[in-house]
Number of protein chains: 2
Amino acid sequence: MSGEEFKTWQSVQAEVLRRINSRQWKPGDFIPNEAELSVEFGCARATVNRALRALADTGLLDRRRKAGTRVALNPVRKATLDIPVIRYEIEGKGQTYRHTVLEHNRAVPPSGIRARMQTEPGVKLLHLVTLHLADGKPYVFGDRWINPAVVPGIEAADLSAKSANEWLVANIPFEGGDFSFSAMTAGHREAEILACKEGEGLFVIDRSTWNKGLVITSVRLTFAPGYQMHTKI
Amino acid sequence: MSGEEFKTWQSVQAEVLRRINSRQWKPGDFIPNEAELSVEFGCARATVNRALRALADTGLLDRRRKAGTRVALNPVRKATLDIPVIRYEIEGKGQTYRHTVLEHNRAVPPSGIRARMQTEPGVKLLHLVTLHLADGKPYVFGDRWINPAVVPGIEAADLSAKSANEWLVANIPFEGGDFSFSAMTAGHREAEILACKEGEGLFVIDRSTWNKGLVITSVRLTFAPGYQMHTKI
DNA sequence: TTGAACTATAAGTATGTACATATTATTTTG
DNA sequence: CAAAATAATATGTACATACTTATAGTTCAA
């Protein structure tokens, strides 16, 4: 029992997890410091550090300098989910991908979009509505606004070959984005585009992407009924 | 230019990011290996490793032994989202939290739940339907099934004081869970419970939690209209 | 010509040491 | 006695080195 050694950070992590799960270390408890654990586990402190850091990343431990490491009181665990590129998602299911551009123009965006994209009133943006189909059936449609002032070359791009998303990903670097996930009720327009019934619940992803503080594009993806996003902890 | 040194893993990461964003390293490109970068950056290979590993974790780089490191072709970036504990989420908005138990019984689950929970046909499970309210207004309701064979003590627990979720989190260790996010259309039951209109689109989270390969609980959270989950990259 | 064995390579990991940094605890000082 | 200076401490990081592991690429054999 006392002679057991944990030489890899994964095995250290597993042992720490075991102690947490077995309630040997309870939520809120301080656990021994890295130096002590490294002695007990018969490994280097760096190995313990790696294991504990990984657990802190998942939200299971709280760590603070000088204070020490404690088991998180509320395991608000962080799930990581892959933001799908629609084409790959569809092709990954063995279905054939196709998309059609329903609208492609320049227009003054509604106020909600204007706020998201931080543009002045009256400024026209590129507006694209694209329907993505899986095996010919509507899968999701994207209502996208692009700020051409931030995206050189987009005016000249052929967005019928590649989708706007693919073109942007391939040509414009970006720093980050924010996402929101929600549900909406299909109105007349959504029902028509997605070939579903009015009043059906639809899964919606809103995404804004920025670079150097400027919003490149803002898009709302409205999925056909039945869509699910999956993730594991 | 050539004399610049990057001594911390954060600065190495920033420089790598800069090169990716500036298209010096394009999607699909192999980047120099760790040893070469450590020479160029004037730091240890471990420092480069730390930086690149972090970027690989976010999905921006693909790394494989022997093959090397390349800029991800499709930045299927991984968003991390915090799975909320409903009470804290509501209280975090400055609203008062309250919950009521609508159903509390033992019953044979429908086949979908049975499949998720890997139980035999005919086996009864604990079934709990709980409505969570924010400032007295319906916020979300949970339709939960618990396998009492896996959860000792649940029968005796007082689930009116703490919600089932809080009780489980506090008393039963768990290894992991899987989540799915989707939308549904409010039927008669949902409309009644959440005080919304029939036919409204509702945001839904399905979650299963397991330990030692056994499914502890499976819950569907159905949120009142307007709910959003947010995350950033 | 397929496939099995081998080899070289790049990432992955472990370790001892050293120093940095944040933060708590203690002591000194006004 | 409160505020400021100081010490103590646990995590955080860097580095040189050494060894491990997965695997792409090559060679060899059936």
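Note on naming: letters A, B, ... go to the chains in the order of the sequence lines (proteins, then strands), and numbering restarts at 1 for each one.
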Phosphate contact (C:dG12 OP1 or OP2) by A:Gln10 side-chain N/O below 4.0 Å: no
Cation-pi geometry met for B:Arg207 and B:Phe179 (6.0 Å, 45°): no
Separation of C:dT15 P from A:Phe41 CZ (nearest whole Å): 13 Å
A:Leu37 CG to D:dA10 P, straight-line distance once rounded to whole Å: 12 Å
A:Lys93-A:Tyr139 side chain donor-acceptor pair, cut-off 3.5 Å: yes
Whole angstrom value for the distance that separates C1' of D:dA10 from CZ of A:Arg70: 14 Å
Atom-to-atom span, CG of A:Asp57 to P of D:dT11 - whole angstrom: 15 Å
Phosphate OP1/OP2 of D:dG12: any A:Arg63 side-chain N/O under 4.0 Å: yes
N or O in side chain of A:Arg64 less than 4.0 angstrom from C:dT24 OP1/OP2: yes
Euclidean distance, atom CD of residue B:Glu5 to atom C1' of D:dA14 [Å, nearest integer]: 13 Å
Nucleotide C:dA11, atom P - distance to CG of B:Leu52 in whole Å: 8 Å
Quiz item: A:Arg50 side-chain donor-acceptor pair to D:dG12 base, under 3.5 Å: no
A:Phe6 CZ - C:dT13 C1' separation (whole Å): 18 Å
Side chain of A:Trp9 - closest among C:dA11, C:dA14, C:dT21: C:dA14
5' priority, DNA chain C, between B:Arg45 and A:Cys43 [closest heavy atom]: B:Arg45
Short side-chain N/O contact to D:dC15 OP1/OP2 from B:Thr47, under 4.0 Å: yes
Expected output: side-chain B:Thr217 to main-chain B:Trp145 donor-acceptor under 3.5 Å: yes
Any B:Thr69 side-chain nitrogen or oxygen under 4.0 Å from OP1 or OP2 of C:dA11: yes
Derivation and outcome, side chain to side chain contact (heavy atoms under 4.5 Å, CB included), residues A:Ile205 and A:Val219: CA-CA 8 Å; A:Ile205 302 179; A:Val219 63; over 6 Å; no
Distance test, side-chain N/O of A:Lys66 to OP1/OP2 of D:dG12, below 4.0 Å: no
Minimum-distance nucleotide (side-chain atoms of B:Glu34 versus D:dC15, D:dT13, C:dA11): C:dA11
Integer-rounded Å distance: C:dA10 C1' and B:Leu61 CG: 14 Å
Closest to the B:Arg53 side chain, choosing from C:dA10, C:dT13, D:dA10: C:dT13
Phosphate OP1/OP2 of D:dG12: any A:Asn49 side-chain N/O under 4.0 Å: yes
B:Thr119 and B:Arg114: side chain donor to acceptor below 3.5 Å: no
